[in-house]
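This report concerns only the one structure given below.
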Protein chains: 2
Amino acid sequence: MFSIGELSRRTKVKVPTIRYYEEMGLLAEAERTSGNQRRYDKAGLERLSFIRHARDLGFSIEAILSLIELQDHPDRSCETATDIAVSQLSDVREKIKRLKLLEKELTRISKGCDGLGVSEDCYVLASLSDHEHCENEH
Amino acid sequence: MFSIGELSRRTKVKVPTIRYYEEMGLLAEAERTSGNQRRYDKAGLERLSFIRHARDLGFSIEAILSLIELQDHPDRSCETATDIAVSQLSDVREKIKRLKLLEKELTRISKGCDGLGVSEDCYVLASLSDHEHCENEH
DNA sequence: TCTTGAACCTCTAGTCACTAGAGATTGTAA
DNA sequence: TTACAATCTCTAGTGACTAGAGGTTCAAGA
């Protein structure tokens, strides 16, 4: 059994975040010492690692709650879990697509001023004022 | 002169968001009718278009505030504006990089279950539990 | 001119996933 | 025993809005 600080060190999840996860129902309520401090075991560590990994992958708290429920009731869990992962994947792909368009335009905008002496009118500001300049939708 | 609703229609920025931008100092306080309703002109429309475009490109409210200040004091504005745009660009590139790693792993995870009859242990859940499976850092 | 109802006003509170701080208590090593 | 780091709970703040309550104003049709 170890303290919340130790759990934090082992999982790289900050102490207040652990308490927050408990409050949100992602972590079961921890056992307590006689002095009311939380104590964790291997199971707690594993669950928190799971949560952290899922958060790193961009799953929302809500999605993780669903995944945890599936873990606890493993009948037919795989399909639903895959659905959640696939939907997360399409979110990520959507974001990448959008960011690439932004990258393109920001590159264009940033290059406008560079090296040239022309700074009477700022190209960056002009570009931002006028969406018509853009080469693609965003 | 037109109303906040009309401004909203023309810029595709929602009415409460326009009021929020005013409160944040992005938009100058609008003129008012005798009945206290906001009225806008072409200048207001242009500034809001600028803000919307910048927000679409992922600039923070704070960054936009800086850009607006530059617009209002155009001496040497171009360098600073370019700096802001370049920094925004590198943010975007960072995000793309990260998301691509996530895409890779989510693809791997999502494929695990597909088509196979093996659903005793869910591959999605197992993958999320164990970071060691991952092929790259994220 | 009057009436109706859509649009407007301000204010407060909620969203997500934490993060920060205050003030009090507990655990542990010297 | 003592010192002090770590823990506890609670409230409030972050960014960029969004939602809702409850009240007022505008403008078009009768």
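All chains are named by letter (A, B, ...) in the order of the sequence lines, taking the proteins before the strands, and each is independently numbered beginning at 1.
Residues of residues 27-39 of chain B that place a heavy atom closer than 4.0 Å to DNA chain D, in numerical order, are T33(B), G35(B), Q37(B).
Contact annotation for R55(B): backbone-only contact, meaning every heavy-atom pair under 4.0 Å involves sugar-phosphate atoms and none involves a base. In this structure, Y21(A) reaches the sugar-phosphate backbone alone: every heavy-atom distance under 4.0 Å involves primed, P, OP1 or OP2 atoms, never a base.
Partners of K12(B) according to the salt bridge (Lys or Arg N to Asp or Glu O under 4.0 Å) rule, which considers only residues two or more places apart in sequence or in another chain, do not exist here. Residues satisfying the side-chain contact (heavy atoms from CB on, under 4.5 Å) test with K95(A), not counting sequence neighbours, are L99(B). By the side chain to side chain donor-acceptor pair (under 3.5 Å) test, R47(A) pairs with D72(A), sequence neighbours left out. Evaluation of the side-chain contact (heavy atoms from CB on, under 4.5 Å) rule for V13(B) yields T11(B), T17(B), I18(B), Y21(B), L48(B), R52(B) as partners, not counting sequence neighbours. By the side-chain contact (heavy atoms from CB on, under 4.5 Å) test, K97(A) is found to be paired with E94(A), residues two or more places apart in sequence or in another chain being considered. Not counting sequence neighbours, the partners of E22(B) by the salt bridge (Lys or Arg N to Asp or Glu O under 4.0 Å) test are R32(B), R38(B). For R93(A), the salt bridge (Lys or Arg N to Asp or Glu O under 4.0 Å) partners two or more places apart in sequence, or in a different chain, are E103(B). Annotation: side-chain contact (heavy atoms from CB on, under 4.5 Å) contacts of S3(A) (sequence neighbours excluded): E6(A), R39(A).
Between the OH atom of Y20(A) and the P atom of dT14(D) there is a distance of 17 Å, rounded to whole Å. Summarising the geometry, the separation between CZ on R19(A) and P on dA6(D) is reported as 13 Å, rounded to the nearest angstrom. L7(A) places its CG atom 15 Å from the P atom of dA6(D), with the value rounded to the nearest Å. When rounded to the nearest whole Å, the span between CD1 of I51(B) and C1' of dG15(D) equals 16 Å.
At a threshold of 4.0 Å, the pair E46(B)-K42(B) counts as salt-bridged, since one of the basic side-chain nitrogens sits closer than that to a carboxylate oxygen.
Side-chain atoms of R19(A) do not come within 3.5 Å of backbone N or O of E23(A) as any donor-acceptor pair.
When the C1' atoms of four end pairs are superposed on the next four at each end of the helix from dT1(C)-dA30(D) to dA30(C)-dT1(D), using five pairs per end, the two resulting axes differ in direction by 10°, to 10°.
For S60(B), no side-chain nitrogen or oxygen approaches OP1 or OP2 of dG15(D) to under 4.0 Å. At the phosphate of dC17(D), neither OP1 nor OP2 sits under 4.0 Å from any side-chain N or O atom of K14(B).
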Under 3.5 Å, sequence neighbours excluded: what are the donor-acceptor pairs made by side chains of residues 84-92 of chain A?
residue	atom	partner	partner atom	Å
Q88(A)	NE2	L57(A)	O	3.2
Q88(A)	NE2	G58(A)	O	3.1
S90(A)	OG	S87(A)	O	3.2

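Comparing R9(B) and P16(A), the nucleotide of DNA chain C nearest to each residue sits closer to the 5' end for R9(B). Nearer the 5' end of DNA chain D, as judged by each residue's closest nucleotide, is the contact made by I4(A), out of F59(B) and I4(A).
Read 5' to 3', the first and last nucleotides of DNA chain C with an atom closer than 4.0 Å to a heavy atom of chain B are dC8(C) to dT10(C).
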